[in-house]
Amino acid sequence: MSELKVNDVSVRFGGVKAISDVTLSIFRKEVLGLIGPNGAGKTTLVNCISGFQKPTSGQIQLEGSVVSNWSPALSRKRGIARTFQGGRLFGSMTVLQNVEAAALALGMHRNSARAKACEMLQWAGYTGSLERPAETVAYVDERRIGIARALIGEPSYVLLDEPAAGMSDVECEQLMRLIKEIPEQLGAGVLLIEHNMQLITSVCHRVHVLDGGSTLAEGQPAEVLRNKAVMAAYLGEES
Ligand SMILES: Nc1ncnc2c1ncn2[C@@H]1O[C@H](COP(=O)(O)OP(=O)(O)OP(=O)(O)O)[C@@H](O)[C@H]1O
């Protein structure tokens with residue numbers, strides 16, 4: 001079966017164990033939720049899968065090949081795309097140029113890169129001016145532009161790092177529909193980091209829970225969210 005596999009991965013930063021022996025699989029045409037309290041290791045894991053962080057031990061495998069030593073650029077070219085919590089847009093470039101640059105980096109010709117960038121921005125729900133400098137767009141639009149940029153070139157796997165942060169209920173509804181369309185229409189596998197549990201339960205086929213860098217649970221959303229250890233991890237965070 002087509003899969004992106006995290007195999008017994010650990011990451012240490014000096015004395016800090018950010019991730020300990022985590023194993024999980026992301027399959028094409030499914031949405032896997034990745035949840036856990038702040039500092040659980042979610043972004044570090046996404047950094048490993050997308051080539052931004054080398055695991056201290058363990059491997060990342062794409063369709064059976066070891067990819068843990070790939071650069072972020074190679075990883076992207078071979079079909080692993082991601083968004084960033086902070087947006088990471090090029091502020092002085094226009095909205096269109098930001099998405100077009102991703103297409104050009106993937107080897108598309110200028111005309112098709114521009115057309116594809118427009119199409120993906122529209123698909124991601126961006127309705128503002130394409131010629132606006134990216135540094136002037138609203139936070140919510142930054143998220144949409146990030147999703148358009150990640151989906152250009154039809155990646156096989158897409159890693160979404162808190163895409164709903166800062167969105168209203170109506171905007172979340174739109175995002176929910178969009179995320180569901182990624183496996184259904186594009187056939188990609190999605191890893192979704194989110195703190196919004198309504199979004200998690202409505203779009204995810206399975207959920208993987210991290211706490212303190214280790215796996216706490218994995219399973220169907222409703223079942224995982226009823227798990228006592230998972231509830232305790234979240235309540236512990238609030239208390
Ligand atoms: N570059 C780094 N250097 C040192 N420690 C780091 C580094 N990156 C992450 N950490 C630590 O690793 C742990 C996991 O952090 P990470 O950002 O992956 O968690 P997270 O689950 O994504 O948190 P959040 O939900 O707040 O985004 C934390 O203790 C964090 O302080």
Side-chain angles (χ1 to χ4, degrees), residues 4-26 31-60 67-73 75 80-89 139-140 142-144 146-147 150 157-167 171-172 175-176 179 189-204 206-219 221 224-225 227 229-239:
L4 179 56
K5 189 167 171 57
V6 172
N7 205 356
D8 213 14
V9 164
S10 298
V11 176
R12 283 170 194 262
F13 296 109
V16 177
K17 263 188 159 183
I19 303 180
S20 303
D21 307 321
V22 171
T23 293
L24 60 81
S25 289
I26 310 163
V31 183
L32 175 69
L34 181 62
I35 65 170
N38 291 322
K42 304 179 296 295
T43 297
T44 303
L45 189 61
V46 161
N47 287 343
C48 282
I49 299 172
S50 53
F52 286 82
Q53 174 69 50
K54 303 294 168 229
T56 309
S57 61
Q59 288 178 335
I60 309 295
V67 304
S68 321
N69 288 320
W70 284 3
S71 66
S75 188
I80 305 173
R82 68 170 294 180
T83 65
F84 295 89
Q85 264 182 44
R88 290 220 202 169
L89 301 179
Y139 187 70
V140 166
E142 270 185 24
R143 313 250 87 71
R144 295 184 176 123
I147 291 174
Y157 297 93
V158 186
L159 319 172
L160 302 175
D161 197 349
E162 295 194 32
M167 288 193 175
E171 289 158 349
C172 265
L175 180 71
M176 216 178 269
I179 295 175
V190 179
L191 181 73
L192 172 64
I193 296 184
E194 241 328 308
H195 287 290
N196 180 331
M197 291 304 147
Q198 206 193 337
L199 189 61
I200 288 287
T201 49
S202 61
V203 305
C204 295
R206 294 182 300 127
V207 177
H208 190 100
V209 189
L210 291 180
D211 186 27
S214 300
T215 296
L216 194 59
E218 188 184 284
V224 162
L225 295 178
N227 178 312
V230 174
M231 285 162 73
Y234 276 97
L235 290 171
E237 192 190 25
E238 281 168 15
S239 62

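Each ligand, and each atom within it, is numbered from 1 in the order the structure gives. All values below come from the heavy atoms of this structure, side chains included, with hydrogens, waters and symmetry mates left out.
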Side chain to side chain donor-acceptor pair (under 3.5 Å) contacts touching residues 6-17 (sequence neighbours left out):
S10-D21
Mind jotting down which protein residues get a heavy-atom contact under 4.0 Å with ligand 1? Chain and number order, please.
F13, A18, P37, N38, G39, A40, G41, K42, T43, T44, Q85, E162, H195
Could you check V207 against V230 for side chain to side chain contact (heavy atoms under 4.5 Å, CB included), going step by step and ending with a plain yes or no?
CA-CA 11 Å; V207 177; V230 174; over 6 Å; no
Is any side-chain heavy atom of T83 closer than 4.5 Å to one of L159?
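No, every pair of side-chain atoms sits at 4.5 Å or beyond.
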Those residues that, when tested against E162, pass side chain to side chain contact (heavy atoms under 4.5 Å, CB included) (two or more places apart):
Q85, A165, I193, E194, H195
Knowing that exactly one of C172, P163, S202 qualifies, which makes a side chain to side chain contact (heavy atoms under 4.5 Å, CB included) with N196?
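The residue from C172, P163, S202 that satisfies side chain to side chain contact (heavy atoms under 4.5 Å, CB included) with N196 turns out to be C172.
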R82: which residues meet the salt bridge (charged side-chain N to carboxylate O under 4.0 Å, His left out) condition with it, sequence neighbours left out?
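With neighbours one apart ignored, the set is empty.
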